[in-house]
**Student:** 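Structure provided below as structure tokens; questions to follow.
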Amino acid sequence: MKMWWWILIPAVLVLGVFFYNGRNRQNTLKRENPMDILDKRLAKGEISKEEYEEQKRTLNTKN
């Protein structure tokens, strides 16, 4: 019977740490707003300056 405690206690501790870290990581993720995404796409060169300006106007009219 004592042998089970040596297995059960570390297993519970490992699972507790695993779930705590997972929940903590989800709370720290930052949600990006559309303008941030648009700025990053322009900086990476995925869209041209004209496309950027057009999408920026579209986003500003929706607010």
Side-chain angles (χ1 to χ4, degrees):
M1 186 68 182
K2 289 183 182 182
M3 185 180 93
W4 289 108
W5 289 110
W6 287 106
I7 296 171
L8 184 63
I9 291 174
V12 169
L13 289 174
V14 167
L15 287 174
V17 169
F18 177 78
F19 285 120
Y20 176 75
N21 282 340
R23 185 173 359 131
N24 200 19
R25 192 173 304 133
Q26 288 175 350
N27 292 338
T28 59
L29 292 177
K30 180 187 173 224
R31 295 192 62 151
E32 292 181 301
N33 65 29
M35 272 310 292
D36 291 339
I37 296 170
L38 191 59
D39 290 338
K40 286 181 182 179
R41 289 186 66 200
L42 177 66
K44 289 180 184 177
E46 293 178 3
I47 58 174
S48 67
K49 183 72 173 171
E50 293 80 20
E51 291 173 312
Y52 173 81
E53 292 297 332
E54 180 183 335
Q55 291 179 11
K56 184 176 174 183
R57 279 193 304 273
T58 303
L59 286 173
N60 288 336
T61 59
K62 289 183 179 181
N63 290 337

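Starting from 1, each residue takes its place in the sequence as its number. Source: prediction; values computed, not measured.
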**Student:** Can you tell me how far OH of Tyr52 sits from CD of Glu46, rounded to the nearest 0.5 angstrom?
**Tutor:**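 The OH atom of Tyr52 is 14.0 Å from CD of Glu46, to the nearest 0.5 Å.
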**Student:** Are Phe19 and Val14 connected, step by step, through hydrophobic side chains (Ile, Leu, Val, Met, Phe, Trp, Tyr) whose heavy atoms are closer than 4.5 Å?
**Tutor:**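 No, because Phe19 and Val14 fall into different hydrophobic clusters, even though each may have its own neighbours under 4.5 Å.
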**Student:** Checking Glu54 against Arg57 for the side-chain contact (heavy atoms from CB on, under 4.5 Å) test, could you report, in this order, the C-alpha distance in whole Å, the side-chain angles of both residues, the deciding distance, and whether it holds?
**Tutor:** CA-CA 5 Å; Glu54 180 183 335; Arg57 279 193 304 273; 3.9 Å; yes
**Student:** Can you tell me how far apart CG (Leu38) and CD (Glu53) are? Round to the nearest 0.5 Å.
**Tutor:**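 Result: 9.0 Å between the selected atoms.
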**Student:** Could you measure the distance from the CD1 atom of Ile37 to the CG atom of Leu42? Nearest 0.5 Å is fine.
**Tutor:** 14.0 Å
**Student:** Return the CG to CD distance between Asn60 and Gln55, rounded to the nearest 0.5 Å.
**Tutor:**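 Those atoms lie 12.0 Å apart.
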